[in-house]
Amino acid sequence: MTGQIRCHYDVLDIPRDADAAAIKKSHRRKALRHHPDKNITKSEEEQKKSGAEFKLIQAAYECLSDPVERKWYDEHRDMILRGGLDGGGADGGDGSSFLYDVMPYQYAGCYDGYDDDDPDSFYSVYNEVFEQIFQGEQDGFLSEGNIDTEKMSNIHLSEVQFGNSTSKWEDILAFYNTWEGFSSCISFAWADEYHLDDIREAPGRRIRRMMEDDNRKKRKAAKKERVEDVCALVRFVKKRDPRVKAQREKT
């Protein structure tokens, strides 16, 4: 992270139920105030501070002006502002610890610039994020008693790289085409409501089947949520990828 996470609505100084016109109006007013060209007579420190604010303003508007992205942001806003999942990190104590927390990376302040050699740049940050997501899939797969990672249903994710500013377009396209179809290979057994012992001790076959059905539903819901979170991350990154923007301008 390159700075404290701030709410997009607070950055634009608008209420959470603001309509598109209000969002646009506030963005224009604040962007003009903090635009680099409007602050060239200020001190170096003031220019730096205003420049950082301008980036946050642009990021907030980019999100809130997009209905789909705004809906996702509204649904996950509290979690994003907290910096990620509640207790679901490496110290979570259950299988969910294999899931790399992607929430903090759906915020433009998590990277700084596009310099290939800067460890805080767009390319460095997201190379690491996607590598960690796949590593979590691999670790989870092995933790379930599997041996051959080549049998992972999503092993193809390891065959593409996020790359950097010099990557070829065909490689960039292959990366996004692959990750946009993300699906987890983990069973999500930790989401089960009933443990195996509970099922074995259930009074009758019908009850056991109901418990097993409930477990399957819990796993399916947990996997679906994970897939949606990762796919939302892919959309977020792709929308801000300067290589994608440059390619679109060519066509």
Side-chain angles (χ1 to χ4, degrees), residues 1-3 5 8 51 54-73 76 80 84 98-141 149-186 223-251:
M1 283 292 168
T2 61
I5 299 178
H8 289 329
F54 181 74
K55 289 181 180 178
L56 290 177
I57 292 167
Q58 295 299 89
Y61 180 69
E62 190 168 19
C63 172
L64 299 184
S65 62
D66 182 328
V68 175
E69 193 166 322
R70 181 183 182 181
K71 182 177 183 295
W72 191 93
Y73 179 78
H76 299 82
I80 291 172
F98 294 116
L99 304 183
Y100 189 70
D101 188 358
V102 301
M103 288 296 173
Y105 301 99
Q106 298 192 55
Y107 169 71
C110 75
Y111 63 87
D112 185 15
Y114 299 90
D115 186 343
D116 289 338
D117 298 322
D118 187 341
D120 292 325
S121 76
F122 177 84
Y123 300 112
S124 298
V125 168
Y126 286 114
N127 263 302
E128 175 69 13
V129 169
F130 286 108
E131 287 175 5
Q132 289 297 327
I133 294 172
F134 179 75
Q135 185 63 56
E137 289 288 309
Q138 189 174 69
D139 291 344
F141 182 78
T149 56
E150 291 299 318
K151 293 183 179 179
M152 291 171 59
S153 60
N154 55 8
I155 187 63
H156 57 289
L157 294 174
S158 65
E159 300 170 359
V160 293
Q161 301 296 322
F162 185 67
N164 56 30
S165 65
T166 64
S167 297
K168 296 180 180 179
W169 174 244
E170 51 264 36
D171 295 331
I172 299 168
L173 184 61
F175 174 85
Y176 282 115
N177 284 344
T178 300
W179 277 87
E180 284 173 335
F182 174 83
S183 180
S184 180
C185 68
I186 304 174
K223 178 175 286 193
K224 180 182 179 182
E225 181 178 5
R226 176 58 173 177
V227 169
E228 289 176 348
D229 286 347
V230 172
C231 288
L233 172 72
V234 175
R235 290 194 300 272
F236 178 91
V237 176
K238 185 178 182 180
K239 181 179 178 181
R240 291 158 178 78
D241 194 327
R243 304 168 300 180
V244 175
K245 293 180 180 179
Q247 183 64 24
R248 285 173 178 166
E249 291 175 358
K250 290 180 181 179
T251 57

Q.
I need the F122 CZ to N127 CG distance, nearest 0.5 Å.
A. 9.5 Å

Q: For the pair T178 and L157, evaluate side-chain contact (heavy atoms from CB on, under 4.5 Å) and give the outcome as yes or no after the intermediate values.
A: CA-CA 7 Å; T178 300; L157 294 174; 3.7 Å; yes

Tell me which donor-acceptor pairs under 3.5 Å the side chains of residues 235-242 have, and how far apart each pair is, sequence neighbours excluded?
{"unit_1": "K238", "atom_1": "NZ", "unit_2": "E180", "atom_2": "OE2", "d": "2.9"}
{"unit_1": "K239", "atom_1": "NZ", "unit_2": "E62", "atom_2": "O", "d": "2.9"}
{"unit_1": "K239", "atom_1": "NZ", "unit_2": "D66", "atom_2": "OD2", "d": "3.0"}
{"unit_1": "K239", "atom_1": "NZ", "unit_2": "E69", "atom_2": "OE1", "d": "3.3"}
{"unit_1": "R240", "atom_1": "NH1", "unit_2": "E69", "atom_2": "OE2", "d": "3.3"}
{"unit_1": "R240", "atom_1": "NH1", "unit_2": "F236", "atom_2": "O", "d": "3.0"}
{"unit_1": "R240", "atom_1": "NH2", "unit_2": "E69", "atom_2": "OE2", "d": "2.4"}
{"unit_1": "D241", "atom_1": "OD1", "unit_2": "R243", "atom_2": "N", "d": "2.9"}
{"unit_1": "D241", "atom_1": "OD1", "unit_2": "R243", "atom_2": "NE", "d": "3.0"}
{"unit_1": "D241", "atom_1": "OD2", "unit_2": "Y176", "atom_2": "OH", "d": "2.7"}
{"unit_1": "D241", "atom_1": "OD2", "unit_2": "R243", "atom_2": "NE", "d": "3.3"}
{"unit_1": "D241", "atom_1": "OD2", "unit_2": "R243", "atom_2": "NH2", "d": "2.7"}

**Q.** Exercise: identify the closest heavy-atom pair between Y73 and C63
**A.** CB-SG, 3.8 Å

(Q) Show the nearest heavy-atom pair for residues D115 and S121, with the distance to one decimal. (A) O-OG, 2.8 Å

Q: Any chance you could measure E170, atom CD, to F175, atom CZ, to the nearest 0.5 Å?
A: 15.5 Å

Q: Could you label the plane-to-plane angle of the Y123 and F162 rings as parallel, tilted or perpendicular, counting under 30° as parallel and over 60° as perpendicular?
A: tilted

Q. Rounded to the nearest 0.5 Å, what separation is found between the CG atom of L56 and the CD1 atom of I5?
A. 11.0 Å

**Q.** Short side-chain to backbone donor-acceptor contact, D229 and V102, under 3.5 Å
**A.** no

Q. In Å, rounded to the nearest 0.5 Å, how long is the span from CD1 of I133 to CZ of F182?
A. 7.0 Å

Q: Kindly compute the distance separating SG (C110) from OH (Y105), expressed to the nearest 0.5 Å.
A: 7.0 Å

Q.
Which heavy atom of Y107 sits nearest to which heavy atom of H8, and what is that distance?
A. CD1-CE1, 4.3 Å

**Q.** Heavy-atom closest contact (S153 atom, S184 atom, distance)
**A.** OG-O, 4.4 Å

Q.
Please enumerate all residues that pass side-chain hydrogen bond (donor to acceptor under 3.5 Å, both in side chains) together with E128, with sequence neighbours excluded.
A. Q132

Q.
Please report the interatomic distance CD(Q138) to CD1(I186), rounded to the nearest 0.5 Å.
A. 10.5 Å

Q: Write down the atom of N154, the atom of E137, and the distance for their closest heavy-atom approach.
A: ND2-OE1, 2.9 Å

Q: Using modelled atom types only, decide if a donor and an acceptor are shared between the side chain of Q106 and the backbone of I80 within a distance under 3.5 Å.
A: no

Q | N/O donor-acceptor pair under 3.5 Å between S124 side chain and D120 backbone | A | no

Q: May I ask you to decide if the ring planes of Y126 and F130 are parallel, tilted or perpendicular, using 30° and 60° as cut-offs?
A: tilted

Q: List the atom of V244, the atom of W169, and the distance in Å for their closest heavy-atom pair.
A: CA-CZ3, 4.0 Å

